[in-house]
Amino acid sequence: MSKRVRVRFAPSPTGGLHLGGVRTVLYNYLFAKKHGGEFIVRIEDTDQSRYIPGAEEYIFDTLKWCGLEPDESVQHGGNYGPYRQSERKESYRKYAEQLVKDGHAYYAFDTPEELEKMRHDYKTEQNPSPQYDHSIRMNMRNSLTLSPEESQQLLAAGTRYVIRIKMPEHETVSFTDMIRGEVHFETSLVDDKVLLKADGMPTYHLAVVADDYLMKISHAFRGEEWLPSAPVHILLWKYLFGLENMPQWAHLPLILGPNGKLSKRDAAKYGFPVFAMNWKDPNTGELTEGFKEKGFLPEAFINYLALLGWNDGTDQEMFSKEELVERFSMERVHSAGAKFDYEKAKWFNHEWIKKSEAGSLKSEVRNLLPGKGITDISDALLGKVIGLVKDRCTLLTDFYDQSWFFFKAPETWDLDAVKSKWNEDKKNFFLAYVEKLQSLIEWNAVALENIFKELASEKNIKPGELQLPFRIMLVGGKFGPPVFSIAEALGCDETTKRINAAIKIF
RNA sequence: GGCCCGUUCGUCUAAGGGCUAGGACACCACCCUUUCACGGUGGUGAUACGAGUUCGAAUCUCGUACGGGCUACCA
(Lines give C-alpha, C1' and ligand atoms only; values in the text may rest on other atoms or scores of the structure.)
Protein backbone atom coordinates (compact mmCIF):
# COMPACT_ATOMS: atom_id res chain seq x y z
CA MET A 1 0.00 0.00 0.00
CA SER A 2 2.57 2.56 1.06
CA LYS A 3 4.88 3.66 -1.69
CA ARG A 4 8.58 3.05 -1.61
CA VAL A 5 10.25 6.00 0.06
CA ARG A 6 12.12 8.16 -2.43
CA VAL A 7 13.15 11.67 -1.46
CA ARG A 8 15.16 14.26 -3.26
CA PHE A 9 17.29 17.27 -2.62
CA ALA A 10 17.11 19.65 -5.55
CA PRO A 11 19.65 22.43 -5.32
CA SER A 12 20.31 24.95 -8.00
CA PRO A 13 24.03 25.08 -8.65
CA THR A 14 24.52 28.79 -8.22
CA GLY A 15 27.02 28.99 -5.38
CA GLY A 16 27.94 27.61 -1.99
CA LEU A 17 25.67 25.31 -0.02
CA HIS A 18 24.47 27.06 3.08
CA LEU A 19 23.33 25.84 6.46
CA GLY A 20 19.68 25.57 5.57
CA GLY A 21 20.49 23.59 2.46
CA VAL A 22 22.62 21.15 4.39
CA ARG A 23 19.90 20.65 6.93
CA THR A 24 17.40 19.97 4.17
CA VAL A 25 19.80 17.39 2.80
CA LEU A 26 20.19 15.93 6.26
CA TYR A 27 16.47 15.53 6.89
CA ASN A 28 16.05 14.02 3.45
CA TYR A 29 18.90 11.63 4.07
CA LEU A 30 17.74 10.65 7.54
CA PHE A 31 14.20 10.10 6.38
CA ALA A 32 15.30 7.98 3.44
CA LYS A 33 17.67 5.83 5.46
CA LYS A 34 15.20 5.48 8.29
CA HIS A 35 12.62 4.06 5.91
CA GLY A 36 15.00 2.09 3.78
CA GLY A 37 14.38 4.35 0.80
CA GLU A 38 16.43 6.28 -1.69
CA PHE A 39 17.96 9.69 -1.37
CA ILE A 40 18.27 11.44 -4.70
CA VAL A 41 20.05 14.61 -5.68
CA ARG A 42 18.64 16.40 -8.69
CA ILE A 43 20.35 19.43 -10.09
CA GLU A 44 17.90 22.27 -10.78
CA ASP A 45 19.79 24.14 -13.43
CA THR A 46 16.94 25.49 -15.49
CA ASP A 47 18.11 29.07 -15.19
CA GLN A 48 20.87 29.25 -17.73
CA SER A 49 21.63 32.85 -16.89
CA ARG A 50 22.69 31.81 -13.41
CA TYR A 51 25.05 29.05 -14.42
CA ILE A 52 28.12 29.05 -12.20
CA PRO A 53 30.93 26.70 -13.19
CA GLY A 54 32.07 24.47 -10.37
CA ALA A 55 28.96 24.90 -8.26
CA GLU A 56 27.68 21.44 -9.04
CA GLU A 57 30.94 19.72 -8.11
CA TYR A 58 31.00 21.83 -4.98
CA ILE A 59 27.62 20.48 -3.93
CA PHE A 60 28.75 16.89 -4.27
CA ASP A 61 32.04 17.59 -2.51
CA THR A 62 30.07 19.09 0.33
CA LEU A 63 27.71 16.15 0.61
CA LYS A 64 30.69 13.85 0.69
CA TRP A 65 32.33 15.83 3.47
CA CYS A 66 29.09 15.74 5.44
CA GLY A 67 28.81 12.00 4.93
CA LEU A 68 25.44 12.37 3.23
CA GLU A 69 25.99 10.57 -0.04
CA PRO A 70 23.06 10.28 -2.44
CA ASP A 71 21.86 6.96 -3.78
CA GLU A 72 21.07 8.48 -7.15
CA SER A 73 22.45 11.59 -8.80
CA VAL A 74 24.47 12.90 -11.69
CA GLN A 75 27.54 11.44 -10.01
CA HIS A 76 26.00 8.31 -8.54
CA GLY A 77 23.87 7.20 -11.44
CA GLY A 78 20.44 5.61 -11.12
CA ASN A 79 17.47 4.49 -13.15
CA TYR A 80 15.56 7.75 -13.16
CA GLY A 81 17.98 10.04 -14.97
CA PRO A 82 18.97 12.39 -16.26
CA TYR A 83 19.49 13.99 -12.87
CA ARG A 84 20.21 17.39 -14.31
CA GLN A 85 17.11 19.31 -15.34
CA SER A 86 18.79 21.05 -18.25
CA GLU A 87 19.16 17.60 -19.79
CA ARG A 88 15.45 16.92 -19.41
CA LYS A 89 14.48 20.09 -21.22
CA GLU A 90 12.43 18.38 -23.91
CA SER A 91 10.21 16.51 -21.51
CA TYR A 92 8.73 19.61 -19.96
CA ARG A 93 7.24 21.25 -23.03
CA LYS A 94 4.72 18.50 -23.62
CA TYR A 95 3.32 18.93 -20.11
CA ALA A 96 3.02 22.65 -20.61
CA GLU A 97 1.29 22.17 -23.96
CA GLN A 98 -0.99 19.61 -22.40
CA LEU A 99 -2.03 22.15 -19.80
CA VAL A 100 -2.78 24.72 -22.48
CA LYS A 101 -4.86 22.19 -24.37
CA ASP A 102 -6.83 21.37 -21.24
CA GLY A 103 -7.47 25.02 -20.52
CA HIS A 104 -5.30 25.14 -17.42
CA ALA A 105 -2.61 27.29 -18.96
CA TYR A 106 -2.14 29.80 -21.76
CA TYR A 107 0.44 31.41 -24.00
CA ALA A 108 1.56 34.85 -22.94
CA PHE A 109 3.35 37.08 -25.41
CA ASP A 110 4.06 40.02 -23.16
CA THR A 111 7.54 41.39 -23.48
CA PRO A 112 9.64 42.20 -20.45
CA GLU A 113 8.93 45.87 -21.14
CA GLU A 114 5.19 45.25 -21.18
CA LEU A 115 5.40 43.39 -17.92
CA GLU A 116 7.34 46.19 -16.38
CA LYS A 117 4.78 48.68 -17.63
CA MET A 118 1.99 46.59 -16.15
CA ARG A 119 3.70 46.53 -12.77
CA HIS A 120 4.21 50.23 -12.94
CA ASP A 121 0.70 51.09 -14.13
CA TYR A 122 -1.13 48.99 -11.59
CA LYS A 123 1.09 49.85 -8.69
CA THR A 124 -0.72 51.71 -5.95
CA GLU A 125 -0.14 52.23 -2.28
CA GLN A 126 -2.70 49.54 -1.59
CA ASN A 127 -1.03 47.17 -4.00
CA PRO A 128 2.72 47.82 -4.16
CA SER A 129 3.49 44.72 -6.17
CA PRO A 130 0.80 43.89 -8.73
CA GLN A 131 0.73 40.31 -9.89
CA TYR A 132 -0.04 38.82 -13.27
CA ASP A 133 -3.26 37.24 -12.03
CA HIS A 134 -6.92 36.76 -12.90
CA SER A 135 -7.67 40.42 -12.40
CA ILE A 136 -5.02 41.51 -14.84
CA ARG A 137 -4.51 38.75 -17.35
CA MET A 138 -7.43 39.91 -19.48
CA ASN A 139 -5.61 43.20 -19.99
CA MET A 140 -2.45 41.55 -21.23
CA ARG A 141 -1.30 40.07 -24.50
CA ASN A 142 -1.98 36.36 -24.28
CA SER A 143 -3.95 33.56 -25.84
CA LEU A 144 -6.84 34.38 -23.54
CA THR A 145 -7.25 37.92 -24.83
CA LEU A 146 -6.17 37.29 -28.42
CA SER A 147 -8.27 35.41 -30.90
CA PRO A 148 -7.12 31.86 -31.61
CA GLU A 149 -6.04 33.02 -35.08
CA GLU A 150 -3.97 35.84 -33.72
CA SER A 151 -2.29 33.57 -31.22
CA GLN A 152 -1.62 31.00 -33.89
CA GLN A 153 -0.07 33.66 -36.08
CA LEU A 154 2.18 34.91 -33.33
CA LEU A 155 3.30 31.39 -32.58
CA ALA A 156 3.89 30.64 -36.24
CA ALA A 157 5.90 33.81 -36.58
CA GLY A 158 8.21 32.63 -33.84
CA THR A 159 7.23 35.32 -31.37
CA ARG A 160 8.77 34.79 -27.96
CA TYR A 161 6.22 33.55 -25.48
CA VAL A 162 5.89 31.86 -22.16
CA ILE A 163 3.26 29.48 -20.87
CA ARG A 164 1.53 30.57 -17.70
CA ILE A 165 -0.75 28.61 -15.45
CA LYS A 166 -4.31 29.91 -15.40
CA MET A 167 -5.15 30.03 -11.74
CA PRO A 168 -8.81 29.25 -11.13
CA GLU A 169 -10.80 32.10 -9.71
CA HIS A 170 -12.63 30.86 -6.68
CA GLU A 171 -11.21 27.66 -5.45
CA THR A 172 -9.62 26.72 -2.22
CA VAL A 173 -6.55 24.57 -2.59
CA SER A 174 -5.62 22.57 0.48
CA PHE A 175 -3.06 20.01 1.36
CA THR A 176 -1.68 18.39 4.45
CA ASP A 177 1.83 19.39 5.30
CA MET A 178 3.67 16.80 7.38
CA ILE A 179 4.86 19.53 9.70
CA ARG A 180 2.12 22.13 9.61
CA GLY A 181 -1.02 20.13 9.07
CA GLU A 182 -3.79 21.47 6.83
CA VAL A 183 -2.85 24.53 4.82
CA HIS A 184 -5.35 26.39 2.68
CA PHE A 185 -4.99 28.86 -0.16
CA GLU A 186 -7.47 30.96 -2.05
CA THR A 187 -6.58 30.50 -5.71
CA SER A 188 -7.72 33.94 -6.78
CA LEU A 189 -4.95 35.41 -4.65
CA VAL A 190 -2.21 33.45 -6.38
CA ASP A 191 -0.67 34.75 -9.61
CA ASP A 192 -0.43 33.05 -12.99
CA LYS A 193 3.08 31.74 -12.59
CA VAL A 194 5.22 31.17 -15.64
CA LEU A 195 5.59 27.44 -16.28
CA LEU A 196 7.64 27.40 -19.44
CA LYS A 197 10.06 30.22 -20.13
CA ALA A 198 10.70 31.88 -23.48
CA ASP A 199 13.93 29.91 -23.85
CA GLY A 200 12.00 26.67 -23.64
CA MET A 201 13.21 25.83 -20.17
CA PRO A 202 10.67 25.11 -17.48
CA THR A 203 10.53 27.20 -14.35
CA TYR A 204 10.96 25.51 -11.01
CA HIS A 205 7.19 25.20 -10.69
CA LEU A 206 6.75 22.95 -13.68
CA ALA A 207 10.05 21.15 -13.33
CA VAL A 208 9.61 20.20 -9.72
CA VAL A 209 6.22 18.65 -10.37
CA ALA A 210 7.18 16.85 -13.55
CA ASP A 211 10.43 15.51 -12.14
CA ASP A 212 8.99 14.47 -8.81
CA TYR A 213 6.44 12.50 -10.79
CA LEU A 214 8.92 11.01 -13.22
CA MET A 215 11.35 10.14 -10.47
CA LYS A 216 8.60 8.63 -8.33
CA ILE A 217 9.30 10.89 -5.38
CA SER A 218 7.21 9.87 -2.37
CA HIS A 219 7.98 12.72 0.02
CA ALA A 220 9.02 16.22 -0.89
CA PHE A 221 10.89 18.26 1.70
CA ARG A 222 11.90 21.84 1.10
CA GLY A 223 12.30 25.12 2.93
CA GLU A 224 9.36 27.09 4.21
CA GLU A 225 10.03 29.80 1.67
CA TRP A 226 8.30 27.53 -0.84
CA LEU A 227 5.02 27.40 0.99
CA PRO A 228 3.42 30.35 -0.85
CA SER A 229 3.91 28.68 -4.22
CA ALA A 230 2.67 25.30 -3.03
CA PRO A 231 -0.87 25.86 -4.41
CA VAL A 232 0.61 26.14 -7.90
CA HIS A 233 2.33 22.81 -7.47
CA ILE A 234 -0.74 21.16 -5.99
CA LEU A 235 -2.80 22.32 -8.95
CA LEU A 236 -0.22 21.06 -11.42
CA TRP A 237 -0.29 17.68 -9.75
CA LYS A 238 -4.05 17.68 -9.98
CA TYR A 239 -4.06 18.64 -13.67
CA LEU A 240 -1.15 16.49 -14.81
CA PHE A 241 -0.61 13.42 -12.70
CA GLY A 242 -3.41 13.15 -10.17
CA LEU A 243 -3.40 14.20 -6.56
CA GLU A 244 -3.29 10.57 -5.49
CA ASN A 245 0.22 10.32 -6.93
CA MET A 246 1.46 13.48 -5.32
CA PRO A 247 4.27 13.18 -2.81
CA GLN A 248 3.66 14.18 0.78
CA TRP A 249 4.95 17.63 1.43
CA ALA A 250 6.92 18.90 4.39
CA HIS A 251 7.94 22.54 4.48
CA LEU A 252 10.91 22.79 6.80
CA PRO A 253 11.27 25.74 9.16
CA LEU A 254 13.87 28.27 8.16
CA ILE A 255 17.25 28.60 9.77
CA LEU A 256 17.59 32.24 10.67
CA GLY A 257 20.61 34.46 11.09
CA PRO A 258 20.84 37.17 13.74
CA ASN A 259 18.38 39.20 11.69
CA GLY A 260 16.14 37.08 9.58
CA LYS A 261 16.96 34.73 6.76
CA LEU A 262 20.58 33.68 6.47
CA SER A 263 22.39 35.36 3.67
CA LYS A 264 25.87 34.92 2.37
CA ARG A 265 26.02 38.66 1.99
CA ASP A 266 25.86 39.09 5.73
CA ALA A 267 28.12 36.16 6.53
CA ALA A 268 31.05 38.42 7.31
CA LYS A 269 28.93 40.45 9.71
CA TYR A 270 27.67 37.40 11.58
CA GLY A 271 31.13 36.32 12.55
CA PHE A 272 30.46 32.74 11.53
CA PRO A 273 30.31 30.89 8.21
CA VAL A 274 27.06 30.27 6.38
CA PHE A 275 28.47 27.79 3.87
CA ALA A 276 29.42 24.22 4.65
CA MET A 277 32.75 24.50 2.85
CA ASN A 278 34.79 27.31 1.39
CA TRP A 279 33.25 28.68 -1.77
CA LYS A 280 35.14 30.77 -4.23
CA ASP A 281 33.03 32.61 -6.74
CA PRO A 282 34.69 31.95 -10.09
CA ASN A 283 33.47 35.24 -11.48
CA THR A 284 34.40 37.64 -8.73
CA GLY A 285 37.12 35.57 -7.08
CA GLU A 286 35.42 36.28 -3.78
CA LEU A 287 35.98 33.62 -1.12
CA THR A 288 33.27 32.77 1.38
CA GLU A 289 34.43 30.77 4.37
CA GLY A 290 32.98 27.38 5.21
CA PHE A 291 32.50 25.38 8.39
CA LYS A 292 34.94 22.76 7.22
CA GLU A 293 37.80 25.20 6.82
CA LYS A 294 36.80 26.98 10.00
CA GLY A 295 37.74 23.79 11.83
CA PHE A 296 34.48 21.91 12.21
CA LEU A 297 34.15 18.15 12.25
CA PRO A 298 31.38 16.99 9.91
CA GLU A 299 29.93 14.87 12.72
CA ALA A 300 29.50 17.95 14.88
CA PHE A 301 28.17 20.10 12.07
CA ILE A 302 25.53 17.52 11.20
CA ASN A 303 24.71 16.87 14.82
CA TYR A 304 23.98 20.51 15.54
CA LEU A 305 22.06 21.05 12.32
CA ALA A 306 19.86 18.06 13.10
CA LEU A 307 18.91 19.60 16.45
CA LEU A 308 18.00 22.89 14.83
CA GLY A 309 14.33 22.13 14.38
CA TRP A 310 14.18 18.58 15.63
CA ASN A 311 14.72 16.63 18.84
CA ASP A 312 13.96 13.09 19.84
CA GLY A 313 11.95 14.03 22.91
CA THR A 314 14.68 13.12 25.37
CA ASP A 315 17.48 15.23 26.80
CA GLN A 316 20.03 13.65 24.50
CA GLU A 317 21.92 16.10 22.32
CA MET A 318 24.91 14.18 21.08
CA PHE A 319 23.94 11.97 18.19
CA SER A 320 26.03 10.09 15.69
CA LYS A 321 24.72 9.90 12.15
CA GLU A 322 23.60 6.33 12.79
CA GLU A 323 21.69 7.35 15.89
CA LEU A 324 20.03 10.16 13.98
CA VAL A 325 18.87 7.74 11.33
CA GLU A 326 17.42 5.55 14.01
CA ARG A 327 15.67 8.30 15.96
CA PHE A 328 14.62 10.76 13.32
CA SER A 329 10.98 11.35 12.59
CA MET A 330 9.28 14.09 10.64
CA GLU A 331 6.57 14.26 13.30
CA ARG A 332 9.05 15.73 15.73
CA VAL A 333 10.25 18.48 13.42
CA HIS A 334 9.26 21.92 14.64
CA SER A 335 7.22 24.38 12.74
CA ALA A 336 8.95 27.51 13.98
CA GLY A 337 12.14 28.89 12.51
CA ALA A 338 15.36 28.52 14.49
CA LYS A 339 18.08 31.06 14.95
CA PHE A 340 21.53 29.66 14.32
CA ASP A 341 23.62 29.86 17.49
CA TYR A 342 27.31 29.81 16.68
CA GLU A 343 28.29 29.36 20.33
CA LYS A 344 26.29 26.19 20.52
CA ALA A 345 27.68 25.00 17.21
CA LYS A 346 31.17 25.39 18.64
CA TRP A 347 30.14 23.53 21.78
CA PHE A 348 29.07 20.58 19.66
CA ASN A 349 32.36 20.66 17.84
CA HIS A 350 34.27 20.75 21.10
CA GLU A 351 32.29 17.80 22.40
CA TRP A 352 32.95 15.84 19.22
CA ILE A 353 36.66 16.59 19.33
CA LYS A 354 36.84 15.45 22.96
CA LYS A 355 34.90 12.35 22.08
CA SER A 356 37.03 11.46 19.07
CA GLU A 357 39.98 9.10 19.35
CA ALA A 358 43.28 10.91 18.95
CA GLY A 359 44.08 8.61 16.05
CA SER A 360 41.02 9.57 14.08
CA LEU A 361 41.95 13.23 14.31
CA LYS A 362 45.49 12.77 13.08
CA SER A 363 45.01 13.39 9.41
CA GLU A 364 42.88 16.48 9.95
CA VAL A 365 45.41 17.98 12.30
CA ARG A 366 48.37 16.96 10.18
CA ASN A 367 46.90 18.96 7.30
CA LEU A 368 46.93 22.10 9.40
CA LEU A 369 50.58 21.94 10.44
CA PRO A 370 52.52 22.71 7.26
CA GLY A 371 50.70 26.02 7.06
CA LYS A 372 52.24 26.82 10.42
CA GLY A 373 55.73 25.84 9.37
CA ILE A 374 55.72 22.50 11.08
CA THR A 375 56.74 19.44 9.11
CA ASP A 376 58.22 16.00 9.69
CA ILE A 377 56.21 15.11 12.74
CA SER A 378 56.11 11.41 13.52
CA ASP A 379 52.75 9.74 13.71
CA ALA A 380 53.45 8.58 17.22
CA LEU A 381 54.25 12.04 18.52
CA LEU A 382 51.30 13.60 16.75
CA GLY A 383 48.95 11.03 18.23
CA LYS A 384 50.33 11.58 21.68
CA VAL A 385 50.06 15.35 21.39
CA ILE A 386 46.49 15.24 20.10
CA GLY A 387 45.58 13.03 23.01
CA LEU A 388 47.02 15.60 25.40
CA VAL A 389 45.45 18.71 23.93
CA LYS A 390 42.18 17.75 22.29
CA ASP A 391 40.15 18.52 25.40
CA ARG A 392 41.10 22.13 25.03
CA CYS A 393 40.35 22.54 21.34
CA THR A 394 37.00 23.88 20.29
CA LEU A 395 37.89 24.01 16.63
CA LEU A 396 40.35 21.85 14.73
CA THR A 397 42.23 25.03 13.98
CA ASP A 398 42.89 25.47 17.70
CA PHE A 399 45.32 22.58 17.64
CA TYR A 400 48.29 24.67 16.65
CA ASP A 401 47.83 27.24 19.40
CA GLN A 402 47.39 24.46 21.91
CA SER A 403 50.35 22.36 20.88
CA TRP A 404 53.02 24.28 18.97
CA PHE A 405 55.47 23.96 21.87
CA PHE A 406 55.66 20.23 21.33
CA PHE A 407 57.22 20.91 17.97
CA LYS A 408 59.47 23.87 18.60
CA ALA A 409 61.15 25.35 21.66
CA PRO A 410 59.81 28.58 23.15
CA GLU A 411 61.69 31.70 22.17
CA THR A 412 60.25 33.92 24.86
CA TRP A 413 59.43 33.11 28.47
CA ASP A 414 56.89 34.53 30.88
CA LEU A 415 59.61 35.80 33.20
CA ASP A 416 57.20 37.71 35.41
CA ALA A 417 55.77 34.40 36.51
CA VAL A 418 59.14 33.07 37.74
CA LYS A 419 61.60 35.88 38.33
CA SER A 420 60.39 37.10 41.71
CA LYS A 421 60.61 33.66 43.27
CA TRP A 422 63.65 32.42 41.43
CA ASN A 423 66.77 31.71 43.45
CA GLU A 424 70.00 29.70 43.58
CA ASP A 425 68.32 26.79 45.35
CA LYS A 426 65.85 26.40 42.58
CA LYS A 427 68.51 26.73 39.97
CA ASN A 428 70.47 23.99 41.67
CA PHE A 429 67.39 21.84 41.82
CA PHE A 430 66.97 21.96 38.07
CA LEU A 431 70.66 21.32 37.50
CA ALA A 432 70.35 18.23 39.65
CA TYR A 433 67.11 17.24 37.95
CA VAL A 434 68.78 17.35 34.57
CA GLU A 435 71.49 15.09 35.97
CA LYS A 436 68.91 12.58 37.08
CA LEU A 437 67.06 12.69 33.80
CA GLN A 438 70.12 11.43 31.95
CA SER A 439 70.01 8.15 33.82
CA LEU A 440 66.27 7.72 33.90
CA ILE A 441 65.45 4.28 32.62
CA GLU A 442 61.78 4.63 31.91
CA TRP A 443 60.96 7.94 30.30
CA ASN A 444 57.36 8.62 31.19
CA ALA A 445 55.30 11.20 32.99
CA VAL A 446 54.89 9.20 36.18
CA ALA A 447 58.61 8.51 36.54
CA LEU A 448 59.44 12.12 35.72
CA GLU A 449 57.07 13.35 38.38
CA ASN A 450 58.32 10.89 40.97
CA ILE A 451 61.95 11.83 40.72
CA PHE A 452 60.94 15.49 40.54
CA LYS A 453 59.18 15.19 43.87
CA GLU A 454 61.87 13.06 45.47
CA LEU A 455 64.51 15.53 44.52
CA ALA A 456 62.41 18.44 45.71
CA SER A 457 61.98 16.97 49.14
CA GLU A 458 65.69 16.14 49.27
CA LYS A 459 66.39 19.79 48.59
CA ASN A 460 63.67 20.91 50.94
CA ILE A 461 61.67 22.79 48.33
CA LYS A 462 57.96 22.44 47.88
CA PRO A 463 57.35 20.68 44.56
CA GLY A 464 54.52 23.07 43.86
CA GLU A 465 56.94 25.97 43.75
CA LEU A 466 59.00 24.21 41.15
CA GLN A 467 56.31 23.08 38.82
CA LEU A 468 55.47 26.49 37.43
CA PRO A 469 59.10 27.34 36.61
CA PHE A 470 59.42 23.93 35.01
CA ARG A 471 56.38 24.60 32.87
CA ILE A 472 57.72 27.95 31.78
CA MET A 473 61.03 26.34 30.87
CA LEU A 474 59.31 23.84 28.63
CA VAL A 475 56.60 25.92 26.97
CA GLY A 476 57.35 29.54 27.77
CA GLY A 477 54.20 30.40 29.65
CA LYS A 478 51.35 29.41 31.89
CA PHE A 479 49.53 27.14 29.51
CA GLY A 480 49.39 23.62 28.17
CA PRO A 481 48.58 20.15 29.48
CA PRO A 482 50.14 18.64 32.63
CA VAL A 483 53.82 19.53 32.69
CA PHE A 484 55.22 16.01 33.13
CA SER A 485 53.19 14.82 30.18
CA ILE A 486 54.76 17.55 28.13
CA ALA A 487 58.20 16.45 29.19
CA GLU A 488 57.33 12.87 28.38
CA ALA A 489 56.31 13.81 24.86
CA LEU A 490 59.34 16.05 24.40
CA GLY A 491 61.80 13.31 25.26
CA CYS A 492 64.99 13.47 27.29
CA ASP A 493 67.18 15.47 24.93
CA GLU A 494 64.69 18.20 24.23
CA THR A 495 63.58 18.50 27.85
CA THR A 496 67.16 18.82 29.02
CA LYS A 497 67.93 21.33 26.32
CA ARG A 498 64.99 23.51 27.29
CA ILE A 499 65.82 23.41 30.98
CA ASN A 500 69.41 24.39 30.33
CA ALA A 501 68.41 27.18 28.01
CA ALA A 502 65.94 28.59 30.47
CA ILE A 503 68.26 28.47 33.44
CA LYS A 504 70.51 30.91 31.64
CA ILE A 505 67.64 33.32 31.12
CA PHE A 506 65.91 33.17 34.51
C1' G B 1 -0.14 46.53 0.88
C1' G B 2 -1.78 41.27 0.04
C1' C B 3 -1.09 36.08 1.08
C1' C B 4 1.15 32.23 4.03
C1' C B 5 3.78 30.45 8.34
C1' G B 6 5.10 31.15 13.22
C1' U B 7 5.38 32.91 18.87
C1' U B 8 8.02 28.68 26.16
C1' C B 9 14.52 31.48 29.65
C1' G B 10 19.25 35.90 25.48
C1' U B 11 19.59 31.14 22.02
C1' C B 12 18.08 25.76 20.78
C1' U B 13 14.24 23.18 22.98
C1' A B 14 10.92 19.50 26.66
C1' A B 15 6.17 19.38 28.82
C1' G B 16 0.45 17.12 23.05
C1' G B 17 -5.62 20.01 30.02
C1' G B 18 -3.59 18.46 36.05
C1' C B 19 3.07 18.78 39.86
C1' U B 20 7.86 24.19 42.40
C1' A B 21 7.26 24.82 33.57
C1' G B 22 12.48 20.33 32.68
C1' G B 23 17.25 20.09 29.80
C1' A B 24 21.30 22.21 26.78
C1' C B 25 24.42 26.56 25.06
C1' A B 26 25.91 31.23 26.90
C1' C B 27 26.59 33.97 31.55
C1' C B 28 27.74 34.20 37.03
C1' A B 29 29.56 31.81 41.67
C1' C B 30 31.97 27.91 44.12
C1' C B 31 34.88 23.14 44.04
C1' C B 32 38.90 20.39 41.63
C1' U B 33 43.84 21.78 39.50
C1' U B 34 50.05 25.75 42.41
C1' U B 35 49.31 26.76 34.29
C1' C B 36 45.13 26.64 31.47
C1' A B 37 41.44 23.55 30.12
C1' C B 38 38.38 19.28 31.16
C1' G B 39 35.19 17.83 35.04
C1' G B 40 31.76 18.65 39.31
C1' U B 41 28.08 21.60 42.23
C1' G B 42 24.85 25.66 42.42
C1' G B 43 22.60 30.27 40.53
C1' U B 44 20.25 34.21 37.32
C1' G B 45 16.62 33.54 33.50
C1' A B 46 10.63 31.97 29.75
C1' U B 47 4.94 30.24 28.49
C1' A B 48 3.90 37.89 23.90
C1' C B 49 -0.95 40.24 25.38
C1' G B 50 -6.40 39.94 26.01
C1' A B 51 -10.74 37.27 26.08
C1' G B 52 -13.27 32.48 26.01
C1' U B 53 -13.95 26.86 26.99
C1' U B 54 -12.88 24.06 31.65
C1' C B 55 -13.00 22.20 38.41
C1' G B 56 -8.20 23.16 36.09
C1' A B 57 -4.70 25.82 30.30
C1' A B 58 2.07 26.75 28.10
C1' U B 59 -1.24 23.06 26.02
C1' C B 60 -8.00 23.90 22.98
C1' U B 61 -10.81 28.46 20.42
C1' C B 62 -10.99 33.59 18.96
C1' G B 63 -8.88 38.44 18.73
C1' U B 64 -4.58 41.73 19.14
C1' A B 65 0.54 42.50 18.95
C1' C B 66 5.13 41.05 17.31
C1' G B 67 8.50 38.10 14.17
C1' G B 68 9.55 35.62 9.61
C1' G B 69 8.73 34.10 4.52
C1' C B 70 6.63 34.94 -0.37
C1' U B 71 4.84 38.51 -3.75
C1' A B 72 10.61 37.45 -11.16
C1' C B 73 10.54 34.41 -17.91
C1' C B 74 15.50 32.94 -9.65
C1' A B 75 15.43 28.77 -7.21
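Each chain gets a letter, A, B and so on, in the order its sequence line appears, and its residues count up from 1.
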Round to the nearest Å and state the distance from A:W310 atom CH2 to B:A14 atom P. 11 Å

Within less than 4.0 Å of OP1 or OP2 of B:A75, is there a side-chain N or O belonging to A:T203? no

Is A:K419 close enough and on-axis enough to A:W422, meaning under 6.0 Å and within 45°, for cation-pi? no

Given side chains that start at C-beta, do those of A:V162 and A:R164 come closer than 4.5 Å, heavy atoms only? yes

A:H233 NE2 to B:C4 P: how many Å, rounded? 17 Å

Taking N or O atoms only and anything under 3.5 Å, show me the protein contacts with nucleotides 70-72 of chain B, one pair per line.
| unit_1 | atom_1 | unit_2 | atom_2 | d |
| --- | --- | --- | --- | --- |
| B:C70 | OP1 | A:K261 | NZ | 2.9 |
| B:U71 | O2' | A:Q131 | OE1 | 3.1 |

Would you call the rings of A:F430 and A:F470 parallel, tilted or perpendicular, taking 30° and 60° as the class edges? tilted

Report the distance from atom NE2 of A:H18 to atom P of B:A75, rounded to the nearest whole Å. 15 Å

Both distances under 3.5 Å, Watson-Crick or G-U wobble: report the partner of B:C74, or none. none

Between A:Y204 and A:H233, does the ring centre distance come in under 6.0 Å? yes

C1' spacing across the pair B:U35 / B:U8, given as an integer number of angstrom: 42 Å

Which letter, B, S or -, goes with each nucleotide of nucleotides 28-35 of chain B from 5' to 3', with contact meaning a protein heavy atom under 4.0 Å? ------BB

Rounded to whole angstrom, note down the P distance from B:G16 over to B:G2. 37 Å

Integer angstrom distance from the P of B:U54 to that of B:G68: 38 Å

Can you tell me if A:H334 touches the phosphate of B:A14, counting only side-chain N or O atoms and a distance under 4.0 Å to OP1 or OP2? yes

Which one is paired to B:C3, where only Watson-Crick or G-U wobble pairs with both distances under 3.5 angstrom count? B:G69

Please determine, for B:A58, whether a Watson-Crick or G-U wobble partner exists with both distances under 3.5 Å, and give it or none. none

Could you tell me whether the phosphate oxygens of B:A14, OP1 or OP2, come under 4.0 Å of any side-chain nitrogen or oxygen in A:N311? yes

Measuring only the C1' atom in each nucleotide, how far is B:U64 from B:A29? A whole number of Å is fine. 42 Å

B:G45 to B:C27 separation - C1' atoms, rounded to the nearest Å: 10 Å

Across every strand shown, the nucleotide meeting Watson-Crick or G-U wobble geometry with B:G39 (both distances under 3.5 Å) is B:C31

Taking every heavy atom of A:E224 against every heavy atom of A:P253, the minimum-distance pair comes out as OE1-CA, 3.8 Å

Pair assignment for B:A24, Watson-Crick or G-U wobble, requiring both distances under 3.5 Å: B:U11

For A:L196, which contact category applies under a 4.0 Å heavy-atom criterion: base, sugar-phosphate, or nothing? nothing

Under the criterion side chain to side chain donor-acceptor pair (under 3.5 Å), which of A:T314, A:D312, A:N311 is the partner of A:R327? A:D312

Between C1' on B:C74 and CD on A:Q85, what's the gap in Å once rounded to a whole number? 13 Å

Return the value, rounded to whole Å, for the distance between atom NZ of A:K339 and atom C1' of B:C25. 15 Å

Between C1' on B:G2 and NE2 on A:H134, what's the gap in Å once rounded to a whole number? 12 Å

